[in-house]
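Shown next, in structure tokens, is the structure this report addresses.
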Number of protein chains: 2
Amino acid sequence: MTNPSFALSALADPTRRGVFERLASGSASVGEIAAELPVSRPAVSQHLKILKEAGLVLDRAEGTRRVYQIDPAGLGAIRAWLDQFWAIALDAFKAKAEGEEIAARKGKHK
Amino acid sequence: MTNPSFALSALADPTRRGVFERLASGSASVGEIAAELPVSRPAVSQHLKILKEAGLVLDRAEGTRRVYQIDPAGLGAIRAWLDQFWAIALDAFKAKAEGEEIAARKGKHK
DNA sequence: AGCTTGGGTTAGTCATGACTTACGGTAAGT
DNA sequence: ACTTACCGTAAGTCATGACTAACCCAAGCT
């Protein structure tokens, strides 16, 4: 759950990213979200369930409505996972650039 | 392509994350990766193709082998996309915490 | 030249999941 | 109590995609 796997696969779906990005502009109910997206209300409900299980979304009951908003938890998990590779990626990039310099100078590479 | 959509959906698959995480510990050829994962070599080849299109991986020819390594581009795209929601998520969290304080004090919420 | 090694591609199968329709359930209004 | 509004769940359909087996291609070696 603190595992980014769920958050990553949750944000892989375009419709689900749409729901998530909609919530980024303010909390909203299921019906409101469905009205602004080209899918039915049950579809939105299912997507919100997955987003909630991924720790990307919070929900609270407000009368008969259910208001959803963004949860920083899932976002943080993805960020932490990404940062794990950030330094490595930069090193690889640096090594690649240096390799190209050598290749340009010697016309060959390791 | 600078769009994080491809990178996100690419990293959604567990096997593909395995390939990517393997490359984080150093560049490797297709056969080497396939030997360390419970999938066939063609499967790895297909995954690498998708990772490459997502800007997450770079490849260079080395004799008859093909060596892959991590590309910072796709990682950066995801990071930029995430940062777009980071401030919003923190605001939501802050608002939620304050709401809970009020709820604890008054036994009710907005 | 042939042989071997390492990879990408294709065809086809199978599972996952996104979606809609129909239904059940709860909270407020009359 | 009945109705209305809002939501979640179940069942079923359909498309996407992950995988393997078989094939083809290129590079190096004898």
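Throughout, protein chains are lettered first and strands after them, A, B, ... in sequence-line order, and every chain is numbered starting at 1. Below, each value reflects all heavy atoms present in this structure, side chains not excepted, and no hydrogens, waters or symmetry copies.
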Practice problem: Give the rounded distance in Å between these two atoms: CG of A:Asp59 and C1' of D:dG8. | Solution: 11 Å

Exercise. List in numerical order all residues of residues 10-40 of chain B for which some heavy atom is under 4.0 Å away from an atom belonging to DNA chain D.
Key: B:Asp13, B:Thr15, B:Arg16, B:Val39, B:Ser40

Quiz item: Is B:Asp13 close to B:His47 at the side-chain level, that is, under 4.5 Å between some pair of heavy atoms?
Solution: yes

Practice problem: Decide yes or no for A:Gln69 and A:Arg60: does some side-chain heavy atom of the first lie under 4.5 Å from some side-chain heavy atom of the second? | Solution: yes

Exercise. Could you run through nucleotides 22-28 of chain D and give me one letter per nucleotide, 5' to 3': B if any protein heavy atom sits under 4.0 Å from the base, S if only the sugar-phosphate is that close, - if neither?
Key: B----SS

Self-check item: Contact summary for B:Leu11 and A:Leu8, nearest pair of heavy atoms
Solution: O-CD1, 4.1 Å

Practice problem: State which residue, out of B:Glu53, B:Gln46, B:Lys52, fulfils the side-chain contact (heavy atoms from CB on, under 4.5 Å) condition with B:Lys49. | Solution: B:Glu53

Quiz item: Do the non-hydrogen side-chain atoms of B:Ile78 and A:Leu82 ever get within less than 4.5 Å of each other?
Solution: yes

Quiz item: If you look at every heavy atom in B:Tyr68 and B:Arg66, which pair is closest and at what distance?
Solution: CD1-O, 3.6 Å

Quiz prompt | Closest-nucleotide ordering on DNA chain C, the 5'-leading residue of B:Tyr68 and A:Ala43 | solution = B:Tyr68

Practice problem: Could you check how far CD of A:Gln46 sits from P of D:dT9, rounded to whole Å? | Solution: 9 Å

Quiz item: Tell me, do A:Val19 and A:Val57 make a side-chain contact under 4.5 Å, heavy atoms counted?
Solution: no

Exercise. Treating Ile, Leu, Val, Met, Phe, Trp and Tyr as nodes and any side-chain heavy-atom pair under 4.5 angstrom as an edge, say whether A:Leu37 and A:Phe20 lie in one connected cluster.
Key: yes

Quiz item: What's the spacing between A:Ile70 CD1 and A:Ser25 OG if we round to 0.5 Å?
Solution: 8.5 Å

Self-check item: Value in whole Å for how far the C1' atom of D:dC7 lies from NZ of A:Lys52
Solution: 12 Å

Self-check item: Boundaries of the DNA chain C segment in contact with chain B, non-hydrogen, under 4.0 Å
Solution: C:dT5 to C:dT10

Quiz item: Which atom names give the shortest non-hydrogen contact between A:Ala28 and A:Arg22, and what distance separates them?
Solution: CB-NH2, 3.5 Å

